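Note sheet for the following structure.
Atoms considered below: every heavy atom in the structure, side chains included; atoms not considered: hydrogens, waters and symmetry mates. Keep in mind the model is a prediction, meaning the values are calculated, not measured. Order of the sequence lines fixes the chain letters, A, B, ..., with proteins taken first and strands second; residue numbering starts at 1 for each chain.
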There are 4 protein chains.
Amino acid sequence: MPDNVVTAEKLQERLAANAFNAWMGLEILSLDEDSIEIGLKWREEMISNPKARWTHGGILGALVDVAADFMIAAKIGAPAPTVDMRVDYHRAATPGDLKAVGRIVRLGNTVSTASAEVFDAEGRLIASGRGVYLTAPPKS
Amino acid sequence: MPDNVVTAEKLQERLAANAFNAWMGLEILSLDEDSIEIGLKWREEMISNPKARWTHGGILGALVDVAADFMIAAKIGAPAPTVDMRVDYHRAATPGDLKAVGRIVRLGNTVSTASAEVFDAEGRLIASGRGVYLTAPPKS
Amino acid sequence: MPDNVVTAEKLQERLAANAFNAWMGLEILSLDEDSIEIGLKWREEMISNPKARWTHGGILGALVDVAADFMIAAKIGAPAPTVDMRVDYHRAATPGDLKAVGRIVRLGNTVSTASAEVFDAEGRLIASGRGVYLTAPPKS
Amino acid sequence: MPDNVVTAEKLQERLAANAFNAWMGLEILSLDEDSIEIGLKWREEMISNPKARWTHGGILGALVDVAADFMIAAKIGAPAPTVDMRVDYHRAATPGDLKAVGRIVRLGNTVSTASAEVFDAEGRLIASGRGVYLTAPPKS
């Protein structure tokens with residue numbers, strides 16, 4: 001596994017410049033060679049079922065994608081467009097901040113795979129998944 | 001394929017009661033026995049890359065999930081929690097409203113599969129995917 | 001969608017030269033601009049559960065992958081390595097030949113997406129899925 | 001995580017009774033509370049590309065599915081039909097025996113998620129993936 005080529009501060013700037021990531025209150029909590037932790041600030045508009053007050057699966061999916069993608073960005077120093085993504089939903093998320101941990105599965109020249117897990121404030125696994133990201137410039 | 005057991009009006013009420021779906025401006029455009037069309041109202045906070053102004057992949061994923069899920073809801077008359085979901089990203093979505101078309105792949109007693117395609121205002125395929133949904137009450 | 005650049009006969013040669021595809025008895029049944037049909041010759045070694053005599057899910061997955069991949073090969077004229085694949089299992093397959101229909105979801109310069117459905121001899125949908133394929137030479 | 005309720009010996013019997021698993025020469029190499037290791041005996045018929053002599057992706061997918069599924073079987077003591085599966089291909093597998101390591105992602109009452117990684121004889125990661133398995137009897 002190559003070393004990270006971008007600092008957490010630099011990645012945080014990119015995260016904050018992204019309007020939807022900013023809306024989700026995403027913040028890089030930690031970054032080392034193996035993993036990135038990204039926090040999400042819960043907000044009322046993230047609720048799906050109004051009675052059960054679960055967090056919308058689309059928010060959990062977005063968080064999986066961002067955490068996986070930013071771990072790849074830490075290794076390659078450039079944004080890596082998502083090719084495809086899978087999310088598994090393990091437990092309903094009740095109102096509260098969330099945390100995602102992203103890890104590299106395999107860095108490649110053309111495409112790369114990374115995974116992420118989403119935890120609630122009590123540390124329970126809420127969702128997990130993986131994505132494939134484009135790590136080469138499209139053929140011209 | 002069984003007949004729909006819920007009207008578009010009833011599904012629209014459920015859609016609107018869902019805070020994140022409401023935030024995305026989701027609206028049922030049409031519903032027949034084979035497919036559901038759901039419109040998304042673009043908003044500035046949906047942007048990912050600030051220069052390219054692409055719509056965030058998390059929004060596209062949420063839209064795939066909702067369109068697939070609501071087609072199942074039309075057939076079974078009850079919300080169907082997402083078990084897992086896959087989204088493929090085909091083209092960057094530039095600012096503008098989107099439309100998703102959801103279809104049943106297979107209705108089952110315990111779990112069911114549905115798919116969805118997301119189109120931009122020019123009718124180009126932006127993303128597509130499929131999900132598995134729980135169509136039975138969890139074992140007590 | 002571009003025209004096919006390879007004939008069914010040429011694709012059949014490639015299929016037959018592939019040892020595992022030959023073991024599965026794969027044969028191109030038809031090919032047009034929109035879809036490819038590939039037949040599978042059932043054999044006793046494909047059984048998973050010995051009492052129920054269901055066909056192994058790995059065989060169904062392989063068939064989804066090959067049908068999707070060969071539809072892409074028909075369009076680009078070259079093998080396209082699988083990046084990732086998803087298979088949904090809809091119904092147990094009892095002993096008997098199978099047929100898969102592959103279709104393009106999106107042809108891209110670097111990666112492409114295709115889907116496939118697997119049917120049993122009675123025409124029932126047994127499994128379906130989609131994969132992403134590399135349609136550009138790896139970065140040197 | 002609950003304790004295993006089946007021994008490796010018992011699981012090995014089930015593995016061997018499964019015709020396609022037997023054809024792949026699958027064998028349980030180890031089993032503890034966290035993971036299962038399953039070996040695959042390479043055979044000439046597993047080759048895809050005849051020149052490059054890579055192992056067919058369908059074989060790698062089948063191995064991911066079996067390793068994930070058998071880790072679930074170790075926890076619940078019963079076969080768990082695959083609902084859906086994803087495989088990511090990381091590297092071409094050259095001729096030689098393979099090993100898969102299966103792990104639980106989340107055990108649930110109705111459906112459960114497990115993952116698996118496939119390694120070649122040199123210990124390189126060849127493929128990885130995850131599946132959702134039915135861990136409840138279908139609704140009657």
Give the member of Thr113(B), Val111(B), Val132(B) that has the highest number of heavy-atom pairs under 4.5 Å with chain D.
->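 Counting heavy-atom pairs under 4.5 Å, the top option is Val132(B).
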Is it true that atom CH2 of Trp23(B) has more than 12 heavy atoms of other residues, nucleotides or ligands lying nearer than 6.0 Å?
->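 More than 12 heavy atoms, drawn from other residues, nucleotides or ligands, come within 6.0 Å of this atom.
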Any side-chain heavy atom of Asp84(B) within less than 4.5 Å of one from Asp84(D)?
->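 Sidechains of Asp84(D) and Asp84(B): in contact.
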Got a second to check how far Thr110(D)'s OG1 is from Leu134(B)'s CG, nearest 0.5 Å?
->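 Thr110(D) OG1 to Leu134(B) CG: 5.5 Å, rounded to 0.5 Å.
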